[in-house]
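Because the structure is a prediction, the values reported are computed rather than measured.
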Amino acid sequence: MRTVTYGGACSLDMFLAGPDGALDWLRYSRDVQRVMATYWATIDTVLVGRKTWEVAARGPGGWASGPGIVTYLFSRTMREAPAGVHLVADDAGGVVRRLKRRSGKGICLMGGADLAHSLFDAEVVDEVGLNVHPVLLGAGVPVFHDLGRRVSLTLKESRVLMAGCVLLTYRVKRGGR
């Protein structure tokens with residue numbers, strides 16, 4: 001079965017972006033580029049929430065997930081998506097469960113805390129991967145909202161990267177603690 005990984009670059013106080021979507025605090029380095037290239041080679045599907053989509057679409061070059069990668073956009077308010085993007089309006093957990101049963105590579109969850117919350121509720125998230133940057137933003141787009149329950153994790157990898165960042169990958173434990 002395919003693996004769904006949630007995460008991304010975040011501040012030490014667990015924000016994916018600063019207030020107003022600011023990303024000027026991100027530290028890029030050669031090893032981060034290698035980690036990203038290695039990771040993107042392992043996936044063929046991206047799940048993205050509407051808010052993340054809107055921020056990415058406004059950026060330079062708009063939304064670009066890469067060749068051979070299928071994008072699923074999750075939104076209860078949008079009525080249409082650009083060509084080649086699959087719009088999902090309801091039953092996010094059911095859609096992801098069906099995607100996991102299909103053959104293919106890994107699945108990257110790029111939504112923010114809202115989409116992640118619904119997919120943790122549906123118990124379809126398998127891993128959490130974070131590139132923690134040495135900055136405290138104080139406010140912004142959170143990595144997690146209150147999930148309303150404990151989710152136990154097992155450390156899969158931890159690695160210090162250049163520029164003081166730490167890469168953390170955890171596997172979600174099923175069946176409780």
Task: Test item: Val48 and Trp53 side chains (from C-beta on) under 4.5 Å apart, heavy atoms - done: yes
Task: NE2-CG distance between His133 and Asp13, expressed to the nearest 0.5 angstrom - done: 12.5 Å
Task: Partner of Leu109 by side-chain contact (heavy atoms from CB on, under 4.5 Å), out of Thr52, Val4, Val128 - done: Val4
- [ ] Please confirm whether the backbone N or O of Gly104 pairs with a side-chain atom of Asp44, one donor and one acceptor, at under 3.5 Å?
- [x] no
- [ ] Output yes when a side-chain donor or acceptor of Asp20 lies under 3.5 Å from a complementary backbone atom of Ala22, and no otherwise.
- [x] no
Open item on the list: Less than 4.5 Å apart, side chain to side chain, heavy atoms only: is that true for Arg50 and Thr77?
Closed with: yes
TODO: Determine, using the 4.5 Å side-chain heavy-atom cutoff (strictly less than), whether Leu137 and Phe144 are members of one ILVMFWY cluster.
DONE: no
Open item on the list: Is there a side-chain contact between His117 and Leu147 in this structure, where contact means two heavy atoms from C-beta onward sitting under 4.5 Å apart?
Closed with: yes
Open item on the list: Is there a path of hydrophobic side-chain contacts, each under 4.5 Å between heavy atoms of I/L/V/M/F/W/Y residues, joining Val160 to Leu155?
Closed with: no
Task: Test side chain to side chain contact (heavy atoms under 4.5 Å, CB included) applied to Val85 and Tyr72, step by step - done: CA-CA 6 Å; Val85 174; Tyr72 288 82; over 6 Å; no
TODO: Verify side chain to side chain donor-acceptor pair (under 3.5 Å) between Thr45 and Arg2, making sure each step is shown before the conclusion.
DONE: CA-CA 10 Å; Thr45 304; Arg2 298 164 75 186; 2.6 Å; yes
Open item on the list: When you compare the side chain of Tyr170 with that of Thr154, does any pair of heavy atoms fall below 4.5 Å?
Closed with: no
Open item on the list: For a quick test of reading the model, state the closest non-hydrogen atom pair linking Val132 to Leu168 and the distance between them.
Closed with: CG2-CD1, 4.0 Å
- [ ] Flag yes if more than 12 heavy atoms outside Met36 fall under 6.0 Å of its CE atom; otherwise flag no.
- [x] no
Open item on the list: Restricting to non-hydrogen atoms, name the atom on Ala113 and the atom on Pro142 that form the minimum distance, rounded to 0.1 Å.
Closed with: CB-O, 3.4 Å
Open item on the list: Counting C-beta onward and ignoring hydrogens, is there a side-chain heavy-atom pair between Val70 and Val46 closer than 4.5 Å?
Closed with: no
Task: CG on Asn131 to OH on Tyr39, rounded to 0.5 Å - done: 13.0 Å
Task: Approximate separation, where rounding is to 0.5 Å, of Ile107 CD1 and Glu127 CD - done: 12.0 Å
Open item on the list: For Leu99 and Val124: C-alpha separation, side-chain torsions, deciding distance, then whether side chain to side chain contact (heavy atoms under 4.5 Å, CB included) applies.
Closed with: CA-CA 10 Å; Leu99 288 172; Val124 295; over 6 Å; no
- [ ] Using the rule that two of Ile, Leu, Val, Met, Phe, Trp, Tyr join whenever any of their side-chain heavy atoms come within less than 4.5 Å, decide whether Leu12 and Trp25 are in one cluster.
- [x] no
Task: Met14 reachable from Leu16 in the ILVMFWY side-chain graph, under 4.5 Å edges - done: yes
Task: Heavy-atom check, side chain of Thr5 versus side chain of Cys108, under 4.5 Å - done: no
Open item on the list: Please determine whether residues Met162 and Val166 belong to a single hydrophobic cluster, defined as Ile, Leu, Val, Met, Phe, Trp and Tyr linked transitively by side-chain heavy-atom distances below 4.5 Å.
Closed with: no
- [ ] Count the heavy atoms of every other residue, nucleotide or ligand shown that sit under 6.0 Å from CZ of Arg76, and state whether that count exceeds 12.
- [x] no
TODO: Hey, could you give me the OG/CG distance between Ser158 and Leu130, rounded to the nearest 0.5 Å?
DONE: 12.5 Å
Task: Least distance between heavy atoms, Ala163 atom then Pro134 atom - done: O-CG, 3.6 Å
TODO: Starting from the C-alpha separation in whole Å, work towards a yes-or-no answer on side chain to side chain contact (heavy atoms under 4.5 Å, CB included) for Leu153 and Arg171.
DONE: CA-CA 5 Å; Leu153 308 169; Arg171 186 93 180 136; over 6 Å; no
Task: Shortest non-hydrogen contact between Val95 and Asp90, atoms and distance - done: CG2-O, 4.2 Å
- [ ] Could you tell me whether Asp126 and Lys100 make a salt bridge, using a distance below 4.0 angstrom between a side-chain N and a carboxylate O?
- [x] yes
Task: Straight-line distance of Cys165 SG to Arg159 CZ, nearest 0.5 Å - done: 12.0 Å
Open item on the list: Parallel, tilted or perpendicular, judged at 30° and 60°: which one describes the rings of Tyr6 and Phe120?
Closed with: perpendicular
Open item on the list: Run the side chain to side chain contact (heavy atoms under 4.5 Å, CB included) test on His86 and Leu73 for me, step by step, so that the C-alpha distance in whole Å, both residues' side-chain angles and the decisive distance to 0.1 Å come before the verdict.
Closed with: CA-CA 6 Å; His86 303 275; Leu73 171 57; over 6 Å; no
- [ ] Any chance you could measure Asp91, atom CG, to Phe74, atom CZ, to the nearest 0.5 Å?
- [x] 9.5 Å
